[in-house]
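Structure, as structure tokens:
First listed ligand is number 1; within each ligand, the first listed atom is number 1. Fair warning: this is a prediction, and the values are worked out from it, not measured in the lab. Start at 1 with the first residue, then count along the sequence.
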Amino acid sequence: MAVTIKKVGVIGSGQMGNGIAQVAALAGLDVVLNDVSDEHLKSAMATINGHLSRQVARQAITEDARKKALDRITSTETLDGLSDCDLVIETAVEKEEVKRKIFHELCAVLKPEAIVATNSSSISITRLAASTDRPERFIGIHFMNPVPQMELVELIRGIATDDMTFDTAKEFVGKLGKQIAVSEDFPAFIVNRILLPMINEAIYTLYEGVGNVEAIDAAMKLGAHHPMGPLELADFIGLDTCLSIMQVLHEGLADSKYRPCPLLVKYVEAGWLGRKTQRGFYDYRGDKPVPTR
Ligand SMILES: CC(=O)CC(=O)SCCNC(=O)CCNC(=O)[C@H](O)C(C)(C)COP(=O)(O)OP(=O)(O)OC[C@H]1O[C@@H](n2cnc3c(N)ncnc32)[C@H](O)[C@@H]1OP(=O)(O)O
Ligand SMILES: NC(=O)C1=CN([C@@H]2O[C@H](COP(=O)(O)OP(=O)(O)OC[C@H]3O[C@@H](n4cnc5c(N)ncnc54)[C@H](OP(=O)(O)O)[C@@H]3O)[C@@H](O)[C@H]2O)C=CC1
């Protein structure tokens, strides 16, 4: 039987964390947002306010709803601040060791009946659950980017996840107005198992000189009706996240078809991570994006 979630903790206030905080607060839940620095938290609150204000401007929500949603979000730099949450969703970087450390520290302070979830794009839910004190109350709740716009959330059970946790997560996602797709716990789940090899192939297409950035993106936007070209989408997701997902697929499925493109590795090594660092397959520092190849 599902338990009703009233207070949600979100760890990591980057593009996914701030989006999840926004939709949860708009749905009437109390939200505690955590990150490693006050600067990150202030920036996340400004982003959320910006998105909510746009929604007010186009009359999707009222000014009162914007204010109430913002009032429902508090922020904290320590995991202690999440101790009384009913559900905590981890949305920090896509690095297993970072996530494991967070879960270890979180579980020491979190009330025992609380559910712990990860927004991981690719990492084994069963393995992450094993780093907690509550594998039966652990689940993958995988939102899509940009969270406020995308209808889908993948739900992934680990081997030990119990029915109460699954039902609670399903009810929570429904309350946010989103649809679920249930995925088995295999590397990168459903969406990224299909999407990321396509993006990686687009980067190989660039690497091998089949087309330049503009041609590849135009080809897929105009020729396959994708809303964004694959390289534009890679920049949007974050090239560090794309690389981490490909590494999980490559290692987890032991198939050379998932080998991350060396050009993707090079961009990440340069610190050109896409929109979040202002440079990736496009340079975003000017008035409009300029291809970097
Ligand atoms: C990596 C993973 O683990 C899984 C993933 O998420 S994979 C990525 C999945 N996402 C996609 O494939 C996204 C593909 N792109 C799209 O669907 C569209 O380009 C888009 C929805 C992002 C933008 O649509 P658009 O019509 O071109 O842009 P635009 O009209 O400017 O924006 C539409 C809405 O999206 C919002 N939006 C755009 N970018 C946003 C962002 N980064 N964050 C939040 N909201 C955003 C805008 O605010 C706007 O909302 P309002 O109508 O409320 O003002
Ligand atoms: N980007 C996407 O399209 C999607 C991403 N995801 C997944 O969501 C997660 C987050 O991705 P995304 O939001 O794009 O990443 P971002 O890099 O935008 O945000 C991650 C945030 O977490 C912070 N952080 C790092 N370590 C910690 C920690 N120990 N405690 C608290 N906060 C921490 C980061 O700070 P700092 O920058 O200082 O490291 C940053 O503010 C990843 O697991 C990713 O795979 C899921 C769906 C889609």
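For Glu154 (side chain) and Ile190 (main-chain N/O), a donor-acceptor pair under 3.5 Å exists by modelled atom type. Within the 3.5 Å criterion, the main-chain N or O of Glu94 finds a donor-acceptor partner in the side chain of Ser244. Checking side-chain atoms of Thr126 against main-chain N and O of Ile159 turns up a donor-acceptor pair under 3.5 Å. Looking only at distances, no side-chain donor or acceptor of Thr292 sits under 3.5 Å from a matching main-chain atom of Asp283. Remark: the backbone N or O of Val31 is not paired with any side-chain donor or acceptor of Lys7 at under 3.5 angstrom. Side-chain N or O atoms of Asp86 include one that pairs as donor or acceptor with a backbone N or O of Lys6 at under 3.5 Å. Between the side chain of Asp185 and the backbone N or O of Ile125, at least one donor-acceptor pair lies under 3.5 Å. A donor-acceptor pair is defined here as one N or O able to donate and one able to accept, closer than 3.5 Å; such a pair exists between the side chain of Thr91 and the backbone of Gly12. Without hydrogens or angle criteria, Thr165 side chain to Glu136 main chain gives a donor-acceptor distance under 3.5 Å. When atom types are taken as modelled, the side chain of Lys170 and the backbone of Ala2 share no donor-acceptor pair closer than 3.5 angstrom.
At the shortest separation from atom 20 (C) of ligand 2 among protein heavy atoms lies Thr91 O, 3.8 Å. When only non-hydrogen protein atoms are considered, atom 36 (P) of ligand 2 lies nearest to His40 NE2, 3.3 Å. Looking only at heavy atoms of the protein, atom 43 (O) of ligand 2 is closest to Glu94 OE1, 2.6 Å. With hydrogens left out, the protein atom closest to atom 2 (C) of ligand 2 is Asn145 ND2, 3.6 Å, a heavy atom. Counting protein heavy atoms only, atom 39 (O) of ligand 2 is closest to Val93 CG1, 4.4 Å. Ranking protein heavy atoms by distance to atom 14 (O) of ligand 2, first place goes to Gln15 NE2, 3.1 Å. Given atom 11 (O) of ligand 2, the protein heavy atom at minimum distance is Met16 CG, 3.9 Å. In terms of protein heavy atoms, atom 32 (N) of ligand 2 is closest to Asp35 OD1, 3.4 Å.
Of the listed options Val36, Thr277, Val10, Thr241, Val36 places a heavy atom closest to atom 28 (C) of ligand 2. Relative to atom 42 (C) of ligand 2, the option among Ala92, Ser120, Ser121 with the closest non-hydrogen atom is Ala92.
Contact annotation: His142 has at least one heavy atom less than 4.0 Å from an atom of ligand 2. Assignment of Glu90 to the shell around ligand 2 is not supported, since no heavy atom sits closer than 4.0 Å.
Listed by atom number, the atoms of ligand 2 under 4.0 Å from Asn34 heavy atoms are 31 (C). Those atoms of ligand 2 with a heavy atom of Ile102 less than 4.0 angstrom away are 28 (C), 29 (N), 30 (N). In the vicinity of Gly14, heavy-atom distances shorter than 4.0 Å reach the ligand 2 atoms 13 (O), 18 (O), 19 (O), 21 (C), 41 (O). Atoms of ligand 2 found under 4.0 Å from any heavy atom of Ile11, numbered from 1 in the order shown, are 30 (N), 31 (C). With ligand atoms numbered from 1 in the order given, ligand 2 contributes 42 (C), 43 (O) to contacts under 4.0 Å with heavy atoms of Lys99.
Neither the backbone nor the side chain of Met144 comes within contact range of ligand 2; no heavy atom lies under 4.0 Å. The proximity of Ile245 to ligand 2, defined as any non-hydrogen pair under 4.0 Å, does not occur for either the backbone or the side chain. Using a 4.0 Å cut-off between heavy atoms, Phe143 contacts ligand 2 through its backbone alone, with no side-chain atom that close.
Within 4.0 Å of ligand 1, contacts by protein heavy atoms are made from His51, Arg54, Gln55, Arg58, Ser121, His142, Met144, Asn145, Pro146, Gln149, Met150, Asn192, Leu195, Pro227, Met228, Leu233, Phe236, Ile237.
A salt bridge links Glu63 and Arg66; the closest N-O separation between the charged side-chain nitrogens and carboxylate oxygens is under 4.0 Å. Contact check on Asp235 versus Arg279 returns no salt bridge, with no Lys/Arg side-chain nitrogen under 4.0 Å from an Asp/Glu carboxylate oxygen. Using a cutoff of 4.0 Å between basic side-chain nitrogens and carboxylate oxygens, Asp71 and Lys67 are not scored as salt-bridged. Salt bridge status for Lys101 with Glu97: absent, with no side-chain N to carboxylate O gap under 4.0 Å.
By the 4.5 Å heavy-atom criterion applied to side chains, Leu52 and Val56 are not counted as neighbours.
Side-chain N/O atoms of Tyr258 and Arg193 include a donor and acceptor closer than 3.5 Å.
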